[in-house]
Amino acid sequence: MELKELFNNTNVNLNLKATDKDAVLLELINLLKLDEKAKDMLFKMLKKRENLGSTGIGKGFAIPHCRSLVVDKLNVAFGRHCEGLDFKSIDGKPANFFFLIVAPPIEISNYYLPVLGKVAQFCKIQDIGAKLKEIKEIPEFLKLLEDIPN
Amino acid sequence: MKESQLRLLMFLQDLLSLKKEMQDFQVVEQYEQMGFALDKKERIEESIREVTEQLDPVLYHRFLRIAEKYDRPMAPVKNGVCYGCFVSAPTGSKLVTEHQDVIEFCNHCGRILYRID
């Protein structure tokens, strides 16, 4: 499974408006096609996961993720917050780029951890943050995912 | 607002699944290699306690009994099929909790059923 296969025009938002951690999680959840009850449950589960240790891995990146019964397949979303906000990241710096990953408790394909690993690897590519900041339209983001070595 | 018992059960199962994942040394090592800090694992126990305190005791004990038998005590229903045992028409038994919630169980495998619509 390559990252470019997971993202499209509907699950990417390059202009997040949130002003705090909770609001950014809600904005990311809104990119998924879920009903209100499912969104609410997913939000709670993501918050519980954040309580174990922030998923802000530094250098402006955060990868909120969890397994939840409210989804029946792997779901992802990407959001960019141009100014950056406090996500309690391990380096203490604001986060600008957010990858949301949600999977059901059991998946036959078992993509959850490999996809999480690929996203974490992507975030560690040199100068990737600068490239993501320059992007203006969603197709440029999709092209960037396509161009990265897997 | 009072939380639905079914939603509490779903939340409980997600927390138990997270707890199980965090007990797997290899998975935790993978997480750490990816750059995630997992420094407050005891908080999962606190969360599990918070949820179980809000559950109807009869329902909670039934959940525990099913959990002894299956890793996943809850199963989704799609197109009239229980995705726990894959037997169709799971018009199983029902339990009305003290909160007046109706919880359905699969007639074949006994799992607690929920719908993702």
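Letters A, B, ... mirror the listed sequences (proteins, then strands); counts begin at 1.
- Side-chain atoms of A/Asn8 and A/Thr10 include a donor-acceptor pair closer than 3.5 Å.
- Relative to the six-membered ring of B/Tyr83, B/Lys78 meets both conditions, a distance below 6.0 Å and an angle of at most 45° to the axis.
- Within 6.0 Å of CD on B/Gln26 lie no more than 12 heavy atoms contributed by other residues, nucleotides or ligands.
- Between the side chain of B/Gln13 and the backbone N or O of B/Met10, no donor-acceptor pair lies under 3.5 Å.
- Neither the backbone nor the side chain of A/Leu34 comes within contact range of chain B; no heavy atom of the residue lies under 4.5 Å from a heavy atom of that chain.
- Between chain B and the residues A/Ser68, A/Gly117, A/Cys66, the most heavy-atom pairs under 4.5 angstrom are made by A/Ser68.
- For the set A/Asp40, A/Ile90, A/Leu113, the count of heavy-atom pairs under 4.5 angstrom toward chain B peaks at A/Leu113.
- Using a 4.5 Å cut-off between heavy atoms, B/Leu18 contacts chain A through its side chain alone, with no backbone atom that close.
- There is a side-chain donor-acceptor pair under 3.5 Å between B/Glu21 and B/Tyr31.
- B/Gln33 touches chain A through its backbone: at least one of N, CA, C or O sits under 4.5 Å from a heavy atom, while the side chain does not.
- When each of B/Arg72, B/Lys41, B/Met74 is checked for heavy-atom pairs under 4.5 Å with chain A, B/Arg72 comes out on top.
- Taking the six-membered ring wherever Trp is involved, the centroid distance between the rings of A/Phe98 and A/Phe78 does not fall below 6.0 Å.
- In this structure, chain B has a heavy atom under 4.5 Å from the side chain of A/Lys124, while its backbone stays farther away.
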